[in-house]
Asker: 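Could you have a look at this structure, given as structure tokens, before my questions?
For clarity, every value in this text was computed on a predicted model and none was experimentally measured. As the structure lists them, so they are numbered: ligands from 1, and atoms in each ligand from 1.
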Amino acid sequence: MINIILFGPPGSGKGTQAAILIEKYGLEHISTGDLFRYNLKNDTELGKEARTFMDKGMLVPDDVTIKMLEARVLESKDPAGFIFDGFPRTIAQADALMDLMKRQSSEINALVKLEVSRDEIISRLLERGKTSGRTDDQNEQTISKRIDVYLEETAPVFGYYDRLEKSYSVDGLGTIEEIAHRLHAVIDHLCELQNEES
Ligand code: AMP
């Protein structure tokens, strides 16, 4: 079992790359943003609660997010591993994930960050907003807020895994295929490490 956190600012390509990785490695993709959007669309209580934060580009409170994530992980039957996308976004979420993995007799193998500049993110998100139907991608102010939240609250999560010697960075600029190749190199390396250990 191999569990990977795909990390990076909004618009860094996590969702696109996760879709490629699950095909290649047979992993399960868990995106907290997608889970919230599913709840918004279906007008659930959770969706209503999340909407006010999402519309402002703010994080949904940790207790709500962690509960949703745990339920989603526990729903999976015998996965080859997970790709977490958009989670953890705070240190409290990183602690909760560590705890959850331990309870499953498993662990996070690596956090892999996609590096993309602020200017590139803004232009990618505005472009995505033209077709994604996501209101948080259409307003430059909301985009800017999401980047600030990433830098203030989420970026420290990289240091958390770095101290555990589980952090990797990959250049997030280039074609989808080029970036996918860089990610494959990291994950193949992680698989080799795991094979050596077992
Ligand atoms: P994303 O699709 O990952 O960009 O997430 C869209 C929005 O959902 C974010 O701007 C947050 O409002 C909310 N969200 C997604 N994941 C999390 C998380 N792990 N913690 C808190 N809020 C989240």
Asker: Does Gly57, backbone or side chain, put an N or O under 3.5 Å from an N or O of ligand 1?
Answerer: no

Asker: With a 3.5 Å distance limit and no angle check, can you tell me whether Arg128 reaches the backbone of Gly11 through a side-chain donor-acceptor pair?
Answerer: no

Asker: Answer side chain, backbone, both or neither: which part of Thr65 comes under 4.0 Å from ligand 1, heavy atoms only.
Answerer: side chain

Asker: Determine, using heavy atoms of Arg37 and all atoms of ligand 1, whether some pair is separated by less than 4.0 Å.
Answerer: yes

Asker: Carefully, step by step, assess Asp137 and Arg146 under the rule salt bridge (Lys or Arg N to Asp or Glu O under 4.0 Å).
Answerer: CA-CA 10 Å; Asp137 284 346; Arg146 284 159 67 204; 3.0 Å; yes

Asker: Is it the case that ligand 1 has an N or O less than 3.5 angstrom from some N or O of Arg89?
Answerer: yes

Asker: Have Thr142 and Asp136 got a donor and an acceptor in their side chains that come within less than 3.5 Å?
Answerer: no

Asker: I'd like to check which ligand 1 atoms, numbered from 1 as shown, lie under 4.0 Å from a non-hydrogen atom of Gln93.
Answerer: 18 (C), 19 (N), 20 (N), 21 (C)

Asker: What residue and atom, counting heavy atoms only, is the protein's closest point to atom 22 (N) of ligand 1, and at what distance?
Answerer: Val60 N, 3.0 Å

Asker: Which atoms of ligand 1 sit under 4.0 Å from any heavy atom of Phe87?
Answerer: 19 (N)

Asker: Please determine if Pro10 has a nitrogen or oxygen closer than 3.5 Å to a nitrogen or oxygen of ligand 1.
Answerer: no

Asker: I need the minimum non-hydrogen distance between Asn109 and Ile2, along with the two atoms involved.
Answerer: OD1-CA, 3.4 Å

Asker: Among Arg146, Met58, Met68, which one puts a heavy atom closest to atom 12 (O) of ligand 1?
Answerer: Met58

Asker: Please report which non-hydrogen protein atom sits nearest to atom 23 (C) of ligand 1, along with the residue it belongs to and the distance in Å to one decimal place.
Answerer: Phe36 CE1, 3.7 Å

Asker: Say whether Ser167 and Arg163, considering side chains only, have a donor N or O and an acceptor N or O under 3.5 Å apart.
Answerer: no

Asker: Tell me the nearest of Thr90, Thr32, Leu125 to atom 16 (N) of ligand 1, using heavy-atom distances.
Answerer: Thr32

Asker: Assess the residue pair Asp34 and Lys41 against the criterion (salt bridge (Lys or Arg N to Asp or Glu O under 4.0 Å)); give the C-alpha distance rounded to whole Å, side-chain angles, the decisive distance to 0.1 Å, and a yes or no.
Answerer: CA-CA 10 Å; Asp34 285 351; Lys41 206 169 126 212; over 6 Å; no

Asker: Which heavy atom of the protein is the closest neighbour of atom 7 (C) of ligand 1, given with residue, atom name and distance?
Answerer: Met54 CE, 3.8 Å

Asker: Side chain or backbone of Arg134 under 4.0 Å from ligand 1, or both, or neither, by non-hydrogen atoms?
Answerer: side chain

Asker: Charged N to carboxylate O under 4.0 angstrom, Glu70 versus Lys67?
Answerer: no

Asker: How many angstroms lie between atom NZ of Lys166 and atom CZ of Phe158, to the nearest 0.5 angstrom?
Answerer: 14.0 Å

Asker: Where do Glu127 and Arg124 land on the salt bridge (Lys or Arg N to Asp or Glu O under 4.0 Å) test, with the steps shown first?
Answerer: CA-CA 5 Å; Glu127 197 53 40; Arg124 279 192 196 177; over 6 Å; no

